[in-house]
Structures are given as structure tokens and as C-alpha cells.
Amino acid sequence: MPVIAKAMVLIPHSYTTRSSIITLDGDGIIVIKIRPGIQETVEDAEENLAAVDLLAGSIRRPRLLDLREALPISREVRRFYMQPATRNSATIVALLVDSTLSRVIANLIIGLTGNSQAVQVFSDEQAARQWLRQANVN
């Protein structure tokens, strides 16, 4: 067996938490799909960000946050996501919505980031991915 194979460590490309499925795709985009019907807690948010950090490594990566099946988040969870270290861990974020509720959640997230140029709302997943790929190159 070659020496390099002995030192190789396999890193997962996906994590499933109680509230989300988090994947690093082939374009280098971290996709966070909120699981249906689950009310996210601060513990869930911490677990989700830990999974994102594991997938991203030391690289700030673009994110696609799929809110299509998300429930509204509590004030405590919003406060957690408002922390500077949390807000600054992604290069850009595309929010994927398909209803009035998911659009309201997306607008709350944009308000939390304080940087609407780095966050865009989409109803078409392919358009969101295209924007992330193009913006990440620039």
C-alpha cells in the first residue's frame, strides 16, 4: 500500500442534523436544506454551524440556504445567528424560497446580516447556484 494512502483521511461531504441536511457540493457551495416541520433551537443552530465549519474547513465558502420547508425561527435562534462570527463565516449566501412564509424568513435573515449585497433571495434553485458560482469567482 502506498504511503500516501495510509495518511489519507476521508472527509464527509454531507451531515444530517436534527434540523438540516448540510452538503458541500462539487462547485464548492455549502447547501443547507432545512428539514420540514422542525422548529430550530439554539442547539440545532450550533450543531448546524459546526457541520458547516467541518465541511468548509478553513475556506469561507458560498452558501445556498434552502428555506422552502423552514418554520419561523425564535428570537433566541435569531440572536445566535446575529453574532459577528456567525454572520461573517460565508462569502455570499443565496436564500431559496417558494412561499410567503419562506420569503418572510429570508427577509429576516437579510436584515440580520446587515449586508444585503452579499445575500440574495431566489425562487429558482438553478438561478441561485449560478449567482453563487459567478459571484464567488469575482
Side-chain angles (χ1 to χ4, degrees):
M1 177 179 286
V3 174
I4 194 151
K6 290 181 183 177
M8 192 178 304
V9 176
L10 296 177
I11 299 173
H13 294 283
S14 180
Y15 289 97
T16 299
T17 67
R18 189 183 82 84
S19 65
S20 301
I21 299 169
I22 303 153
T23 306
L24 175 60
D25 74 10
D27 289 330
I29 298 169
I30 293 184
V31 179
I32 305 161
K33 178 162 179 45
I34 307 301
R35 296 173 71 192
I38 295 178
Q39 185 67 55
E40 187 176 25
T41 65
V42 172
E43 291 78 20
D44 293 325
E46 290 170 344
E47 183 180 25
N48 293 339
L49 283 178
V52 167
D53 288 345
L54 286 170
L55 290 172
S58 61
I59 300 169
R60 289 181 64 219
R61 296 183 181 275
R63 292 189 193 155
L64 174 62
L65 180 53
D66 187 343
L67 299 169
R68 293 178 288 187
E69 299 187 77
L71 295 177
I73 58 175
S74 70
R75 177 177 294 164
E76 293 78 22
V77 173
R78 284 195 306 270
R79 262 190 237 138
F80 175 80
Y81 284 127
M82 285 174 50
Q83 298 175 80
T86 302
R87 289 192 333 241
N88 297 326
S89 64
T91 54
I92 56 174
V93 179
L95 304 172
L96 188 57
V97 301
D98 70 350
S99 67
T100 302
L101 176 60
S102 59
R103 189 165 293 279
V104 167
I105 295 169
N107 287 326
L108 278 171
I109 292 170
I110 290 172
L112 296 176
T113 65
N115 183 359
S116 60
Q117 292 182 345
V119 181
Q120 295 290 322
V121 179
F122 295 88
S123 57
D124 178 80
E125 185 171 349
Q126 294 306 333
R129 288 177 175 278
Q130 178 62 29
W131 179 75
L132 288 169
R133 285 190 297 268
Q134 186 173 15
N136 199 44
V137 170
N138 298 333

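From a predicted model like this one, the values you see are computed outputs, not experimental measurements.
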Determine whether a donor-acceptor pair (N or O, by modelled atom type, separation under 3.5 Å) exists between the side chain of [X] and the backbone of [Y].
X: Asp27; Y: Ile29; value: no
X: Arg63; Y: Ala94; value: no
X: Asp53; Y: Ala50; value: no
X: Arg68; Y: Ile34; value: no
X: Gln120; Y: Leu132; value: no

Given side chains that start at C-beta, do those of [X] and [Y] come closer than 4.5 Å, heavy atoms only?
X: Ser19; Y: Glu40; value: yes
X: Val52; Y: Arg61; value: no
X: Pro62; Y: Val93; value: no
X: Trp131; Y: Ile92; value: yes
X: Leu95; Y: Val119; value: yes
X: Ile32; Y: Asp66; value: no

Stepwise side chain to side chain donor-acceptor pair (under 3.5 Å) check, Asn48 with Ser20: CA-CA 7 Å; Asn48 293 339; Ser20 301; 3.3 Å; yes
Nearest heavy atoms of Phe122 and Ala127, plus distance in Å: CE2-O, 3.8 Å
Stepwise side chain to side chain contact (heavy atoms under 4.5 Å, CB included) test for Thr41 and Glu76: CA-CA 8 Å; Thr41 65; Glu76 293 78 22; over 6 Å; no
Within one Ile-Leu-Val-Met-Phe-Trp-Tyr cluster: Ile38 and Ile21, side-chain cutoff 4.5 Å: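 Cluster IDs for Ile38 and Ile21 differ.
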In one Ile/Leu/Val/Met/Phe/Trp/Tyr side-chain cluster, 4.5 Å: Leu67, Leu71: no
Evaluation steps, side chain to side chain donor-acceptor pair (under 3.5 Å), between Gln130 and Arg133: CA-CA 5 Å; Gln130 178 62 29; Arg133 285 190 297 268; 3.2 Å; yes
From Glu125 atom CD to Leu96 atom CG, the distance as rounded to the nearest 0.5 Å: 5.5 Å
Verdict with supporting geometry, Ile22 and Leu55, side chain to side chain contact (heavy atoms under 4.5 Å, CB included): CA-CA 8 Å; Ile22 303 153; Leu55 290 172; 3.6 Å; yes
Pair Glu69 + Lys33, salt bridge at N-O below 4.0 Å: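 Salt bridge present between Glu69 and Lys33.
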Step-by-step side chain to side chain contact (heavy atoms under 4.5 Å, CB included) determination, Leu49 to Phe80: CA-CA 11 Å; Leu49 283 178; Phe80 175 80; 3.2 Å; yes
